[in-house]
Amino acid sequence: MAARILDGQALATRLQVDIIPEVQAFIGRHGRPPGLAIVLVGHDPASEVYVRSKVRTASAIGFRVDLERLPATAALGDLFTLVDRLNLSEAHDGILVQSPLPAAMGPEAEPQVFDRLLPAKDVDGFSPHNVGLLVQNRASVVSGTPAGVVELLEWEGVPIAGQRAVVIGRSDIVGKPLAMLLLHRHATVTICHSRTSDLAAVCREADILVAAVGRPGLVTPAFVKPGAVVVDVGINRITDWAQVEGLFGAGHPRLAQFQRKGSLLVGDVHPGVGAVAAALTPVPGGVGPLTVAMLMRNTLVAARARLERQPAGAGRQHP
Ligand code: GUN
């Protein structure tokens, strides 16, 4: 039987619609909307797409949103100066520095920038303070993609407590925080990575399997226990016809889509997994839209905490 599709787009739309009256109420109380600053350094094509979607959604739900751009040649000091200004800005409740930063800024640039963000305005939950609160299960703001994955699982009624969850990928943005969120919901969690031996065998143990590595089609049916729930966090743009044909097989409708557009967005999960899994997130339209929706919620939470003096760390905890 074909896997049930977990429709992240539908949930994201619903979350965004639900937030609009809350934004209106905030404006009524404070005379201004929640303010979000998005910092984009350089012109990474994927980041351009993500940032456009964040700006569009934020303004659609009534936030003030300011896109602050720096050239790819900017020095780290320029970025620090911008972050310092936004930290002090009265109008901005949330700051997001889009990752990745240009490679020329060096491997330590991102952690240094996240160190510099005021934790109260860190709507990505990337600052060490907020990561610490997450580890202790008392975060009010959690990185959008992992928060979105859990939101979708809970919305779809997928049991988490007592289940075996395997997360492929150990990034600070997705893999590690997602493992924490699943652990706090009482899953037994394994994190896999590039040095995991017999990856397929470890993944076959999973009741919930999450792929977040950025390798098209990595998770084949051989990785999946029949009846597992599979979450595909990968968003890979492929431009090679042979790779598309290898993934989807001759005659698949997505081949025609590739021919029209010259490229295709695919996840880390092979299309054949749909015949083995009980439920599966699509790419596009699965986890991606939820990342944006959770960012909106985080910005509203940060704005309320700043202006309504709610105690820091009074987050969503899971006993
Ligand atoms: N790059 C990819 N995902 C994200 C995200 O959730 N936040 C930021 N700041 N950068 C990203």
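Both ligands and their constituent atoms are indexed starting at 1 by order of listing. Note that this is a predicted model, so its numbers are computed, not measured.
The ligand atoms of ligand 1 that sit less than 4.0 angstrom from a heavy atom of L96 are 9 (N).
Polar contact check, S99 against ligand 1: a nitrogen or oxygen pair lies under 3.5 Å apart. Among the atoms of D124, some N or O lies under 3.5 angstrom from an N or O of ligand 1. Note: an N/O pair closer than 3.5 Å links Q98 and ligand 1 by distance alone. By the 3.5 Å distance cut-off applied to N or O atoms, F126 is not counted among the residues near ligand 1.
More than 12 heavy atoms of other shown residues, nucleotides or ligands fall within 6.0 angstrom of atom CZ in R29. A 6.0 Å sphere centred on CZ of R14 holds no more than 12 heavy atoms belonging to other residues, nucleotides or ligands.
Of the residues R304, R306, K121, the one that meets the side chain to side chain donor-acceptor pair (under 3.5 Å) test with D93 is R306.
Ring-plane geometry between W241 and F258 is classed as tilted, the angle between the planes lying from 30 to 60 degrees on a 0 to 90 degree scale.
Residue R116 holds its CZ atom at 11.5 Å from CD1 of I95, rounded to the nearest 0.5 Å.
Considering V113, L295, I173, V292 only, the shortest heavy-atom separation from atom 3 (N) of ligand 1 involves I173.
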